[in-house]
Amino acid sequence: MNKIIERDRAYTWHPYTQHGVEPDPIAIDRAKNASLFDVEGREILDLISSWWTCLHGHSHCELNEALAAQAERLPHIMFAGFTHAPAVELAEALVKAVPQGQPNERLARVFYSDNGSTAVEVALKLAYQYWRNRGEEGRNIFVSFEGGYHGDTLGAMSVGTGSGFFNLFTDLMCAVKTVPFAETWDGDEEAERREDAALTALKTVLQAERGRIAALIIEPMMQGAGGFRICRPEFLRGVCDAARQEDILIIFDEVATGFGRTGPLFASEHAGVTPDLMCLSKGLTGGYLPLAATVASERIYSAFLDESFAKAFAHGHSFTANPLASAVAVRSLALFEKEQTFDRIKRIEQQHRAILPELKKRREITRSRVLGTILACNLADGEGGYKSEASLFLKDWYLAHGLNIRPLGPVIYLMPPYCITGQELRRAYEGLFAGLDALASQGL
Ligand SMILES: Cc1ncc(COP(=O)(O)O)c(C=O)c1O
């Protein structure tokens, strides 16, 4: 066993890991483009972009350069009472980049924090305080979706109970009503019927709780951790129409779907809808550094303006708007144009779609689907949980064969960095199928 692993075993505690039974982690020494290299020099193709964060590729020379230049100038400064060019430039770039709706729904203000969960906490707190600041006291319920996941902090867990990860913590959670998400897949003929049923259920809740709901939160177009569940733009539009009808705030959690993952820069663009609050993180810095942004509408921001501090948003983190992370994020956004990233995204989507027929031929696979750079499918008889025997077998098999593919329970997915080559993707598909063959030969 190498020394890093030995020391890791002695001192660290890993996320989402049962240290009682799971194998040692792999010690990664370096990474370049779509590849990770372990301390023994073995290459692993990163087909899930390091928990969906890496956009343009690992150790990108431009991002390295932006980081080094900012480190020379200003690594950190608190963001209350101070500001700095990278945070301002990034806020400007984000406001220009996010989809915009009616004048009073314009997403116009960026509140920074440092991970996806905090971006969601901020959105929930802003939504709640928005109504309080306007003198509406009773709005303390959030509406979320079955299969929705929004992070691991308390508020984010509350709106993510539909993901099934947090049953242990229900006593600690805030009030949430969970409604069905109209999932669909390639060749699905029941999508409209499922949408009608889900929208009826949503409207029933919105009417029953009229005046008590602060906001609705949804991962637009695709639920990530809940199982890469995709919906049609029609469903997202229906959800937004229903929420607008009842005058509740809409929060889009684009932590996973943002920055091109589903095709356009933001998934909400598929449906041409805009929220009141938008949560961003993961790909925001191209996968380099922890940074998050909650983009709020002008309507929300103005409800916090007052002569007294009582209406201000009393929330902040030590590393809010960290200059290193902000500078890298600015450069990462600029790379979309410089590297013609949307062409790369289209090429990945085309390659995924070309493999769909082969995937659909497999008896052990069901519900194949593609959205932008994401290819996903379910194990046909895989009702197992997050760490089912089959999913653990596949994860280990793929790693042993140089592929970072990490099934989420019965869901197998690829979400590669945009720099991945056509040849690397072909290697990924071949490996994916070979892993399924190995699973079948185990009788799992
Ligand atoms: C949609 C969504 N929201 C929020 C989060 C939480 O982000 P973080 O892990 O950075 O706290 C995630 C993480 O996977 C996510 O997929």
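Both ligands and their constituent atoms are indexed starting at 1 by order of listing.
The two residues E424 and A34 come nearest to each other via the heavy atoms OE1-CB, 4.0 Å. Minimum heavy-atom separation, N64 to S59: ND2-OG, 3.2 Å. Pairing each heavy atom of G283 with each of S332, the nearest pair is O-OG, 4.3 Å.
Taking a cut-off of under 4.0 Å to the non-hydrogen atoms of S117, the atoms of ligand 1 that pass are 6 (C), 7 (O), 8 (P), 11 (O). Per-residue contacts place D253 under 4.0 angstrom from the following atoms of ligand 1 (heavy atoms of the residue considered): 1 (C), 2 (C), 3 (N), 4 (C). Each of the following atoms of ligand 1 lies closer than 4.0 Å to a heavy atom of G116: 6 (C), 7 (O), 8 (P), 10 (O), 11 (O). The contact set between ligand 1 and H150, taken as ligand atoms under 4.0 Å from a residue heavy atom, comprises 3 (N), 4 (C), 5 (C). For ligand 1, the atoms lying closer than 4.0 Å to a non-hydrogen atom of E219 are 1 (C).
Just one residue in the list L45, L47, L399 forms a side-chain contact (heavy atoms from CB on, under 4.5 Å) with N404, and that residue is L399. Test L216, L277, V159, L126 against I251 for side-chain contact (heavy atoms from CB on, under 4.5 Å) and you get one pass: L277.
Ligand 1 is approached by K282 to a heavy-atom distance shorter than 4.0 Å. Not close to ligand 1: G224, with no non-hydrogen atom less than 4.0 angstrom away. Under a 4.0 Å heavy-atom criterion, W52 is in contact with ligand 1.
Residue N115 has at least one N or O atom closer than 3.5 Å to an N or O atom of ligand 1.
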Inset, instruction - Start with the C-alpha gap between N33 and D46, add the side-chain angles, then the distance that decides, and say whether side chain to side chain contact (heavy atoms under 4.5 Å, CB included) holds. - result: CA-CA 9 Å; N33 302 333; D46 188 1; over 6 Å; no
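Here the two rings, on H315 and F313, have centers that are under 6.0 Å apart.
Contact annotation: for Y149 versus ligand 1, heavy atoms closer than 4.0 Å belong to both the backbone and the side chain.
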